[in-house]
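Beneath this line is the structure, given in C-alpha cells, with notes to follow.
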Amino acid sequence: MKHDAPLDDFESQLLSLTPRPLSDEAAESIRQQIADDATPPRRLRAWWAIAPLAAAACVVLAFTLIGPGDNNTTSPDLADNPDTTSPDTPASAPSITLANWQVQPTGDADYTILDKHSLRLDNGELLIESTQADDGTSNAQGLTVITPNGNAHAKGTRFYIGTHADPTPTNQKKEQAMKRLTRVLILSGIVTLTNPLGSITGQPNELLAAEADTAPAKVVATSNTQFAIDLYKQLASEKEQAGKNIFFSPYSITGALTMTMEGARGKTMQEMGNVLHFPKESRHVGGEGQYIPWQTSQIHSGFGQINARLNEKLSDAERKEIEGQIATLQTELKGMQEKASKKWDRELNAEITELVDRIKMLDGKVNPPKLAVANALWGEQTFPFREEYVDTISTSYKTGGLFPIDFAKNPEPSRLHINGWVEDQTNNRIKNLIPEGDINERTKLVLTNAIYFKGNWTNPFNKKMTRTRDFTRADGSKVQAPIMFGRLPVKLGGQKIAEGTHVSVAELPYVGDELSMVLITASGGQPLSTVEKHLTTANLDKWLGTLEKGYQKIHVSLPRFKMESKYKLNDTLKAMGMPTAFQRGGADFSGLNESYGKLLFIGSVHHKGFIDVNEAGTEAAAATAVVVGLRSMPPSFDGTRPFIYLIRDNATGTILFMGRMMDPTAQ
Amino acid sequence: MKSDQPPSETWLREHGPRLVLMARQWVPCHADAEDIVQTAFVRFWKHAAAARDPVAYLYRTVRNTAMNHHRSTARRRQHEDTAASQPSRREPMFADPAAHAEQAELSEQVAAALDTLPIEQREAVVMRLWGQLSFDAIGEATDTPPRTAQSRYRYGIDALRKSVPSDSAVTP
C-alpha cells in the first residue's frame, strides 16, 4: 500500500512524526493470545525492495541456464551473477518455513503467505522446496503459488517461480512492454501452472510460462466483445427492432459460428473471421492465406479454455475445506448473535453483518450460480465429413464427436431431436430453436451451442419492496412495470462521453463474485441512444474501467422483467460482412468435405434467448443453431445409360469425332 | 525477518504503532489504545484469511473495537460520574522525539490539532497518512465510498494546515 499521489511538504512533515510503538507488554499479550488460539495464523506480508528490471531479467535468464540435476539451492542470480544484484537488496533474503515447504526468496520478492498451503507472489522470484521426501503421501494438499498471470500448484517438488515485467525489447507502447510474465522452472516433481483461463503441467527440466495478455482465452474474449458490440449495433439499427428489447448471447453465437468457420475456406472463411474479429496475428498470409485465411488453433484453444472455466466445478477437497470454514464462522456467528440478543450493541451488530457477509461469500463458492455451456455437431449420417474437422471441433468444444443423424430420410424427427437437446441444455428455457421446415433432406450439418445461467444476487432485492411504477420508454411514453427497489452494495462508475452527456455504470454481483450484471445507461435523463452512439469496444472498456473497486450501498431501482428473444440472423450477419457463407454457389466449406465443399452453404442461423430478472437473481439461457445445407445434388454424370459423345479441340471448338453409345457390349 | 518468526509478528510490527495511533483517536490514553489494539488484533487474526482486503479489515476491526470501547466508557462515566478517575486529557500520540525539540513541539501541535477535527476526518488522516491505506481501503474500513474517504482526508489535512503554525513545520 502506498500513497497514490506524492505528499506535499506539509504532509511529509506530519509523516515524519512516528506513532508511539506498542509496548512490549501489549505485544507479548497479543502473542500469547494468538498462540493460545487454536486457529493457526494465516497471513503474512513480507516486503523487500522492488527488484530492478535488469535484475529480474537476469534471473529469468538464469532459469534457462540451470540444469535439472543442479542440486545447488542457492539463488541462481546470486550464485552465477553476483554483479546483477541490486546494491539495495539484501545479499540473501531469509527463508520462510511454511508447513512442509521451505520458501526462499531469490533476491527481491514481494510475496504474501496466505495460509500454510498457499502464497501469493506479486513480483520477484522464489525457490520453493518440499521439506519432506516425496513418498506419495507427504504434502498431500500441495502448495499453491498465486501470481498475476496464473497459479502454480506443486506437490512433492522443488522449483523456481518468478513473476516480473517482460524484459523483451519492444517498440510497442510502454504499458504493453511492461506486461508481466510468470515462469516456473521445475527441478523435481510436478508443477501445474494454471492460468485462470487454461493450464499446463510440467515435469523436471521443463520451463513453464504464463502470460495472461496473450492467453488464447483472452484473445477469444476480446474478439467476442467486439462481435457483441457489432451485433448489438446491427440489431439496434434494424427497423424491425426499433424501440424493442434486445437480448442475445454473443458467446453462444460466436461459438457456433467459429465451429462452422473451421469448415470454411477461401473468401467464406476470410469474411467469417473478419466478422468474428479474429486477431490480425491469426491471419495467414501468402499462398496458403488464399485457401485458409485464418490460423484457428489459438481461437479454438481459447474457446476450449473458456468453456472449461465456465463449466468448472469445485473439487470435493476444495468444497470440504470451504464448508469447514463456513461451519467455523457459523459457530462464531451463533455466539455473537446470542450476545447481541441480550443487549443492543451497534458495533456488535456491525460485526455480525460483516460475518454474515463473509459466510455468504464463502457459501457462494460452494453453491455458485449454475452456468453451463454445451456444443454439439449433428451430421447427416451418410455424408463423409473430413475427420480432421470433426477431431478439431470435438477436442476444443467437447462435442462428443459428431452425432450421426438421418436428415435425408427423417428431417422432421431430426429437427425435433436437436431442439430436444437444446431444451435439455437450457433447462427447458429455449424451445423450438430450429423452426419447422428449416431442416430438410438436403441438410448436412447442424452446429448447436447452448448456454444456461442461473444465479442469485449476492444481495437480493426485498420482494416486499417491489412496486408497480412508471417506466419511461425511449419515446417518452410511460408504462407501468414492477420495479424492484433496494439499498444494495454495488460498484459504480461513470464517464462523460460528450458535452452534457454522461454514461452511468453499475455492477451488481451474483453470489460467489465470479459473475455480475453490469447496467449501463445515460445519466441525466438523456436517451439511451446517446450511449449507443458511443458504444464501441474501446469505450466499453473505458466505462467498465471506471467501476470502483469497492462496493458502496446505494439505492437501486430495477425493473423485474422476463423476456424471450428470437432472431434469424442470416440478414444480420450478411450485413455485418459475411454474405458469402450464405450464398448458394458462392460459399466454400471444403473444410467439411473437399469434394462437396463448394456446394455447402449456411442455410440459416437461429438464435433464441431467455432472461428472467427478479428479486432473487437472474436466469438466462440462449442457444444458436447453424444449419448447413447442400444446394443441389453434387455434379455427376451417369454413364450407365445411353449417351452422346464427342471429341473436340478445346482451343478451337472443332469437333473431331462424334458418336452415340447405346450398348457398350455390342462390338 | 527471522525464519522462525510467526506471521502475526510481521503484521504486529508493521501495523502495531499505526493501529495504536488509530485507536488513540477514540480514547485519550495510550494504555486504552493498546487494550483496543490487543482485542482487535486477536479478533482480526482469526478471520484474516477470509477478508477481502486484510489491512482494511484490520483497521475496521480496530475502529469497531475503539468505538465500542468509547461508547461503553462514556456510559460508565455517565453512571459513575467519576471524571476524576480519568487519566490526563491527552498523552502523547507520537514517539518521544527527544533529540529534536522542534519535532516535540510539532507532535504536540499536531496531536492537539487532530483533537479538534471531527472523528471521521481524524480517522481518514491517520489511516491515510500514517497507515498508508489507499482511499479504497479506507472506504472499506469505514464503510464509506472511497470518494468520501478522500474528501474527509482532504478536509482534515486542510484543517491541520490551518491549525499547525507553518513555522512548526520545519525539517527535523
Side-chain angles (χ1 to χ4, degrees), chain A residues 1-4 7-11 13-23 25-27 29-31 33-35 37 39 41-47 93-97 102 112-115 325 329 332 345-348 350-351 354-355 358 361-362 492 548-554, chain B residues 1-4 6-12 14 16-18 20-21 30 34-35 37-38 41-42 45-52 54-55 60 64-65 67-68 71 92-95 97 103 106-107 110 128-130 132-137 139-140 144-146 157 160-161 169-172:
Chain A
M1 255 158 299
K2 291 173 182 175
H3 290 288
D4 299 335
L7 300 178
D8 63 22
D9 289 346
F10 181 70
E11 289 169 313
Q13 283 298 321
L14 296 185
L15 192 56
S16 72
L17 298 174
T18 310
R20 283 180 67 182
L22 205 57
S23 66
E25 294 76 20
S29 174
I30 292 173
R31 281 184 205 112
Q33 288 182 63
I34 287 176
D37 199 309
T39 309
R42 292 164 174 152
R43 285 183 184 243
L44 161 72
R45 179 162 200 141
W47 276 91
S95 65
I96 303 293
T97 303
Q102 189 77 19
T112 306
I113 293 183
L114 303 176
D115 59 36
Q325 289 178 28
L329 293 177
E332 186 161 339
D345 185 324
R346 188 180 154 197
E347 277 68 46
L348 185 59
E351 284 178 32
E354 204 170 292
L355 202 54
R358 208 170 305 129
M361 186 268 288
L362 291 172
L492 282 179
E548 290 171 349
K549 284 181 186 170
Y551 290 95
Q552 55 175 303
K553 269 192 175 180
I554 61 160
Chain B
M1 181 190 304
K2 293 173 187 172
S3 59
D4 57 354
S8 58
E9 194 61 29
T10 309
W11 276 84
L12 204 54
E14 184 175 347
R18 300 168 183 172
V20 173
L21 183 62
H30 189 74
E34 286 194 328
D35 285 349
V37 172
Q38 276 185 56
F41 193 89
V42 173
W45 199 248
K46 283 184 193 172
H47 307 303
R52 196 166 31 201
V55 177
R60 186 190 179 101
N64 285 344
T65 310
M67 285 167 73
N68 222 3
R71 210 183 43 258
M93 282 187 193
F94 299 99
Q103 281 289 89
L106 176 66
S107 69
V110 171
R128 175 75 173 155
L129 206 53
W130 286 282
Q132 299 191 25
L133 266 63
S134 67
F135 290 120
D136 281 347
E140 182 123 353
T144 52
I157 284 291
L160 289 178
R161 220 186 286 276
V170 294
T171 306

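Protein chains get the first letters and strands the later ones, always in sequence-line order, with residue 1 at the start of each. For clarity, every value in this text was computed on a predicted model and none was experimentally measured.
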Using 0.5 Å steps for rounding, measure from the CG atom of A/L22 to the NE2 atom of B/H30. 6.5 Å
Parallel, tilted or perpendicular: which describes the rings of B/F94 and B/W130, with under 30° parallel and over 60° perpendicular? tilted
Is A/D9 close to chain B through its backbone or its side chain, or both, or neither, when contacts mean heavy atoms under 4.5 Å? neither
Could you pull out all residues at least two apart from B/R60 that satisfy side chain to side chain donor-acceptor pair (under 3.5 Å)? A/E354
Between B/D136 and chain A, with a heavy-atom cut-off of 4.5 Å, which part of the residue counts as in contact: side chain, backbone, both or neither? side chain
Examine distances only and state if a side-chain atom of A/Q325 and a backbone atom of A/L362 form a donor-acceptor pair shorter than 3.5 Å. no
In terms of heavy-atom proximity below 4.5 Å to chain B, should A/E11 be classed as side chain, backbone, both, or neither? both
Highest number of heavy-atom pairs under 4.5 Å with chain B among A/E25, A/E332, A/K553 belongs to A/E332
